[in-house]
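Encoded as structure tokens, the structure appears first; notes follow it.
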There are 2 protein chains.
Amino acid sequence: MAVSARRGQPLTIQEIYTAVLRMVGEGGVEGLSMRKLAAELDVNPMSLYHHVESKDALLRGACTAVAQGLALPPDDGTPWQEQLRALAHAYRSIALSHPALWSYVNSHPDLVEQEEGMWVVFNRVLVAAGVPAAELLRIRTVLYTFVSGLLTAEAVGLLAELDPAGDAETTFDAAVDLILDALEARAT
Amino acid sequence: MAVSARRGQPLTIQEIYTAVLRMVGEGGVEGLSMRKLAAELDVNPMSLYHHVESKDALLRGACTAVAQGLALPPDDGTPWQEQLRALAHAYRSIALSHPALWSYVNSHPDLVEQEEGMWVVFNRVLVAAGVPAAELLRIRTVLYTFVSGLLTAEAVGLLAELDPAGDAETTFDAAVDLILDALEARAT
DNA sequence: ACCTGAACACCGTTCAAGT
DNA sequence: ACCTGAACACCGTTCAAGT
């Protein structure tokens with residue numbers, strides 16, 4: 001190339017993530033390549049490595065960037081049932097905002113564990129629900145995987161295939177209700 | 001090469017699947033390549049295409065081959081609770097027999113839907129549990145995704161990370177119990 | 001029928017070089 | 001500092017050719 005850059009501006013990580021999310025949204029994670037991404041950004045493939053360590057780091061970064069948007073329910077005095085519902089819906093909305101990325105998250109446990117704010121709120125709500133400390137970790141984990149499994153099914157299209165007549169959101173609500181019922185039954 | 005084949009025998013699909021499962025077990029699905037698989041089988045990469053249409057077809061075939069081993073509980077008169085537990089454990093044992101393949105299954109809804117025998121047994125048990133026909137599909141789907149989510153967490157190592165002190169099998173049992181409780185509460 | 005080699009259009013990433 | 005080209009070691013798959 002004649003001069004220094006093909007484009008006016010230097011690359012931004014934001015700019016890179018935006019392109020990643022768009023491309024992943026269109027072609028899935030396996031449709032993303034460093035070379036196509038670079039082409040999309042009108043840049044030499046190797047320029048990307050100045051902003052990102054590897055393709056995996058890039059995807060992980062995109063995931064945590066998306067996770068920033070998680071709207072955790074505040075610790076006002078609202079009943080735990082309501083707060084759990086709010087947490088579940090907030091999580092669903094993040095997960096389904098980029099369905100293709102969700103499967104990537106699911107197979108990278110460190111990304112899930114890393115979602116500290118969510119775990120704190122989850123703890124608080126379960127304690128309010130009367131879950132004893134000794135069972136907190138196990139119940140929290142089980143309930144998380146339940147919700148996570150349902151979201152995966154929705155993200156991947158399995159929900160629609162197994163229950164074509166059902167509406168995904170009401171199915172989600174029913175599932176959360178089921179979890180609430182179980183917690184209430186356990187409390188008594 | 002001098003003569004026709006590098007090896008004595010012609011290739012078998014069984015032989016191919018066995019090698020696939022071993023390699024996937026060692027290096028995950030993304031560690032499998034047609035070329036490495038061919039090398040493992042001491043064959044030219046292109047020979048594989050005489051037995052299999054594509055890499056995706058190969059993986060799908062391996063998945064359904066594994067799924068053959070699912071030990072469905074028979075329709076003897078045992079209580080539905082016991083049958084549901086048996087179904088859950090049978091499914092778990094298949095899923096975790098090849099943990100790396102499980103994530104592949106999870107992102108391919110057609111593979112899950114295709115598991116007809118399982119859906120039939122699942123139906124039977126839920127009807128015995130008193131689930132009304134109108135809710136059968138939704139409840140079955142939700143419960144499936146719950147179990148599937150938990151198995152994914154176990155297969156990928158998330159379970160151990162979120163609840164390090166917990167034993168995976170007792171966690172699984174607790175989760176199934178929770179589902180049984182919810183079904184029983186609903187029946188009354 | 002079953003296998004093969006060469007070739008095509010891709011990958012992620014390293015490294016030395018440019019401005 | 002930021003970007004680049006050439007190169008390396010890989011991919012899946014097609015196609016014409018071998019036995």
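All values below were derived from every heavy atom in this structure, side-chain atoms included, with hydrogens, water molecules and symmetry-related copies excluded. Lettering follows sequence order; numbering is per chain, from 1.
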To the nearest Å, give me how far apart [atom1] ([X]) and [atom2] ([N]) are.
X       : N      : atom1 : atom2 : answer
A:Glu53 : C:dT14 : CD    : P     : 9 Å
A:His50 : C:dT14 : NE2   : P     : 14 Å
A:Lys55 : D:dC11 : NZ    : P     : 15 Å
A:Lys36 : C:dC11 : NZ    : C1'   : 10 Å
B:Leu58 : D:dT13 : CG    : P     : 10 Å
B:Met46 : C:dA1  : CE    : C1'   : 19 Å
B:Asn44 : D:dG12 : CG    : C1'   : 13 Å
B:Leu37 : D:dC11 : CG    : C1'   : 14 Å

Can you tell which of [options] lies closest to the side chain of [X]?
X       : options               : value
B:Pro10 : C:dT13, C:dC2, D:dC3  : C:dC2
B:Ser47 : D:dT13, C:dT4, D:dT4  : C:dT4
B:Leu11 : D:dT13, C:dG12, C:dC3 : C:dC3

> Does C:dT13 have a Watson-Crick or wobble partner in any strand here, with both distances under 3.5 angstrom, and which is it?
Replying inline: D:dA7

>> Applying the Watson-Crick and G-U wobble criteria at under 3.5 Å, what pairs with D:dA1? Answer none if nothing qualifies.
In response: C:dT19

>> Is it true that A:Asp76 and A:Thr78 share a donor-acceptor pair across their side chains at a distance under 3.5 Å?
In response: yes

>> Testing the 3.5 Å rule here: is there a donor-acceptor pair between the side chains of B:Asn106 and A:Ser103?
In response: no

> Charged N to carboxylate O below 4.0 Å: is that the case for B:Asp177 and B:Arg85?
Replying inline: yes

>> Between B:Glu154 and B:Arg92, does any side-chain N to carboxylate O distance fall below 4.0 Å?
In response: yes

> Is any side-chain N or O of A:His51 closer than 4.0 Å to OP1 or OP2 of D:dC3?
Replying inline: yes

>> In whole Å, measure the gap between the P atoms of D:dA9 and C:dA9 for me.
In response: 22 Å

> When we call it a touch if two heavy atoms are under 4.0 Å apart, what does A:Met34 touch: a base, just sugar-phosphate, or nothing?
Replying inline: sugar-phosphate

> Between A:Tyr91 and A:Trp102, how do the two ring planes meet: parallel, tilted or perpendicular, split at 30° and 60°?
Replying inline: perpendicular

